[in-house]
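Everything numeric in this text was worked out from a predicted model, so none of it was measured.
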Amino acid sequence: MPELPEVETTRRGIEPHLRGRTIQKLIVRQASLRWPVSATLVRRIKHAHIEQVSRRAKYLLICTNSGTLVIHLGMSGSLRIVRDNAPPGPHDHIDMLVGDNTTLRYRDPRRFGAWLWTEDKLESHPLLCKLGPEPLSDNFSGSYFFNRSRGRKLAIKSFLMDSHVVAGIGNIYASEALFRAGIHPSRAAGRISRQRYTKLADAVKQVLSEAIRQGGTTLRDFSNGEGKPGYFQRSLNVYGKTGEPCPVCKTPIRETRTGQRSTFYCPHCQR
DNA sequence: AGAGGTACCTGGCAGC
DNA sequence: TGCTGCCAGGTACCTC
């Protein structure tokens with residue numbers, strides 16, 4: 001479900017309800033996520049004071065005075081604010097009670113997500129330290145992209161989705177950005193010109209900021225912190241549109257697989 | 001070092 | 001209706 005725009009939408013949805021609050025306790029109903037939810041986390045997070053809710057790549061960072069809670073939504077995770085002790089559903093694995101009748105509730109049917117606790121510097125965290133630049137920052141540009149790609153033979157789509165190259169671009173937005181940049185998803189990353197990388201970097205920034213503005217893409221059941229859906233699926237040009245006419249040239253959209261992931265493109269517009 | 005495959009897990013859907 | 005197989009928005013880790 002969640003790519004960068006969905007995680008950012010979630011962050012914006014929950015932040016006002018969490019910032020400045022003191023965590024009363026964590027209720028873990030199902031501890032086996034991607035990594036087990038540790039007893040240390042449950043113990044250490046109690047009484048922590050939330051200073052801010054930020055994001056790095058697709059990781060949500062709940063920063064407190066005593067440490068940072070690192071949350072990843074995996075493939076099917078979602079967070080929302082619930083009140084009045086609303087009864088948990090079957091996949092509501094964790095509740096974080098923050099007082100004043102407010103609970104942050106984590107739901108994750110596939111359990112690919114993660115809840116981790118760290119008291120070290122975030123820059124040295126093993127999951128965060130090797131990530132590429134944020135795509136919406138100035139550190140991410142066509143030149144950076146071009147330089148990183150020299151000598152690489154893998155498909156541009158896989159390169160674009162490598163979080164160590166640039167953080168936070170998943171399967172939906174990779175297809176969409178390549179369509180906007182007119183680049184064929186199977187083209188070798190090392191054989192794309194600097195100019196085309198400039199176009200691609202712009203397309204990535206454009207597609208992600210538009211998606212954030214529209215509250216993300218809701219394909220199955222994504223919703224922001226208040227349970228509202230995202231609307232970017234209306235703006236999708238190629239993702240999931242196999243056989244439908246390309247919005248630019250009317251050629252039927254094709255589907256292929258790159259690195260075991262479905263990929264959508266227009267065979268006429270993308271070279 | 002780079003490229004590709006595997007693993008984690010459940011739910012929904014198409015096809016028989 | 002009910003079974004089977006396949007697919008799904010992620011990514012660390014393994015092998016070649």
How long is the gap from [atom1] on [X] to [atom2] on [Y], to the nearest 0.5 Å?
{"X": "A:Asp108", "Y": "A:His72", "atom1": "CG", "atom2": "NE2", "result": "10.5 Å"}
{"X": "A:Leu131", "Y": "A:His164", "atom1": "CG", "atom2": "NE2", "result": "7.0 Å"}
{"X": "A:Leu73", "Y": "A:Tyr59", "atom1": "CG", "atom2": "OH", "result": "11.0 Å"}

Using the P atom on both, measure B:dG5 against C:dC7 and round to a whole Å. 15 Å
Using the P atom as the point on both nucleotides, what is the distance between B:dC9 and C:dC3, in whole Å? 23 Å
Surrounding [atom1] of [X] (heavy atoms of other residues, nucleotides or ligands, distance under 6.0 Å), is the total greater than 12?
{"X": "A:His49", "atom1": "NE2", "value": "yes"}
{"X": "A:Arg21", "atom1": "CZ", "value": "yes"}
{"X": "A:Arg44", "atom1": "CZ", "value": "no"}
{"X": "A:Glu119", "atom1": "CD", "value": "yes"}
{"X": "A:Asn65", "atom1": "CG", "value": "yes"}
{"X": "A:Lys199", "atom1": "NZ", "value": "no"}

Look at the side chain of A:Arg110 against the base of B:dC9 and say whether a donor-acceptor pair falls under 3.5 Å; ignore hydrogens and angles. yes
Please find the pair of heavy atoms, one from A:Ala174 and one from A:Ile169, that lie closest to each other, and give the distance.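 So the two residues come closest at N-CG2, 3.8 Å.
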Would you say the base of B:dC9 stacks on A:Phe112 (centre-to-centre below 5.5 Å, plane angle below 30°)?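 Here the ring of A:Phe112 and the base of B:dC9 are not stacked, as the 5.5 Å and 30° limits are not both satisfied.
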Phosphate oxygens OP1/OP2 of [N]: is one of them under 4.0 Å from a side-chain N or O of [X]?
{"X": "A:Lys58", "N": "C:dT11", "result": "yes"}
{"X": "A:Tyr59", "N": "C:dT11", "result": "no"}
{"X": "A:His91", "N": "B:dT10", "result": "no"}

Roughly how many Å is it from [atom1] in [X] to [atom2] in [N], rounded to a whole number?
{"X": "A:Trp35", "N": "C:dG10", "atom1": "CH2", "atom2": "P", "value": "15 Å"}
{"X": "A:Glu6", "N": "C:dG10", "atom1": "CD", "atom2": "P", "value": "9 Å"}
{"X": "A:His72", "N": "B:dC8", "atom1": "NE2", "atom2": "P", "value": "19 Å"}
{"X": "A:Asn171", "N": "C:dC7", "atom1": "CG", "atom2": "P", "value": "13 Å"}
{"X": "A:Leu33", "N": "B:dT10", "atom1": "CG", "atom2": "P", "value": "11 Å"}
{"X": "A:Arg111", "N": "C:dA12", "atom1": "CZ", "atom2": "P", "value": "20 Å"}
{"X": "A:Asp108", "N": "B:dG11", "atom1": "CG", "atom2": "C1'", "value": "12 Å"}

Could you list by number each residue of residues 118-131 of chain A showing a heavy-atom separation from DNA chain C of less than 4.0 Å, or answer none if no residue does?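 Output list: A:Leu127.
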Tell me, which of residues 256-265 of chain A have any heavy atom that sits under 4.0 Å from an atom in DNA chain C?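 Within this stretch, A:Arg257, A:Arg261, A:Ser262 sit under 4.0 Å of the strand.
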The side chain of A:Ile172 lies closest to which of these nucleotides: C:dG9, B:dC9, C:dA12?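 Minimum distance to the A:Ile172 side chain belongs to C:dG9.
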Taking B:dC9, C:dG10, B:dA3 as options, the one with an atom nearest any side-chain atom of A:Arg152 is B:dA3
Distance-only donor-acceptor pairs under 3.5 Å for side chains of residues 81-88 of chain A, two or more places apart:
residue, atom, partner, partner atom, Å
A:Arg83, NH1, A:Thr102, OG1, 2.7
A:Arg83, NH2, A:His17, ND1, 3.1
A:Asp84, OD1, A:Asn101, ND2, 2.6

Within the structure shown, what part of the strands sits under 4.0 Å from A:Arg34 by heavy-atom distance: base, sugar-phosphate, or nothing?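 It contacts base atoms.
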Do A:Phe179 and A:Tyr265 have side chains that approach each other closer than 4.5 Å (heavy atoms only, starting at C-beta)? no
How is the base pairing of DNA chain C summarised as a dot-bracket string, given the Watson-Crick and G-U wobble criteria with both distances under 3.5 Å, [ ] for crossing and | for another strand? .|||||||.|||||||
Check the orientation of A:Phe145 and A:Phe159. Use parallel for under 30°, tilted for 30 to 60°, and perpendicular for over 60°. parallel
Set of residues satisfying side chain to side chain contact (heavy atoms under 4.5 Å, CB included) with respect to A:Ala31, sequence neighbours excluded: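 Side chain to side chain contact (heavy atoms under 4.5 Å, CB included) list for A:Ala31, sorted by chain: A:Val28, A:Val37.
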For DNA chain B, determine which residues of residues 154-170 of chain A have any heavy atom closer than 4.0 angstrom to one of its atoms, and list them numerically. A:Leu154
Evaluate A:Phe232 against A:Tyr239 for ring-ring contact (aromatic ring centres under 6.0 Å, His included), listing each step before the verdict. CA-CA 11 Å; A:Phe232 190 74; A:Tyr239 187 86; over 10 Å; no
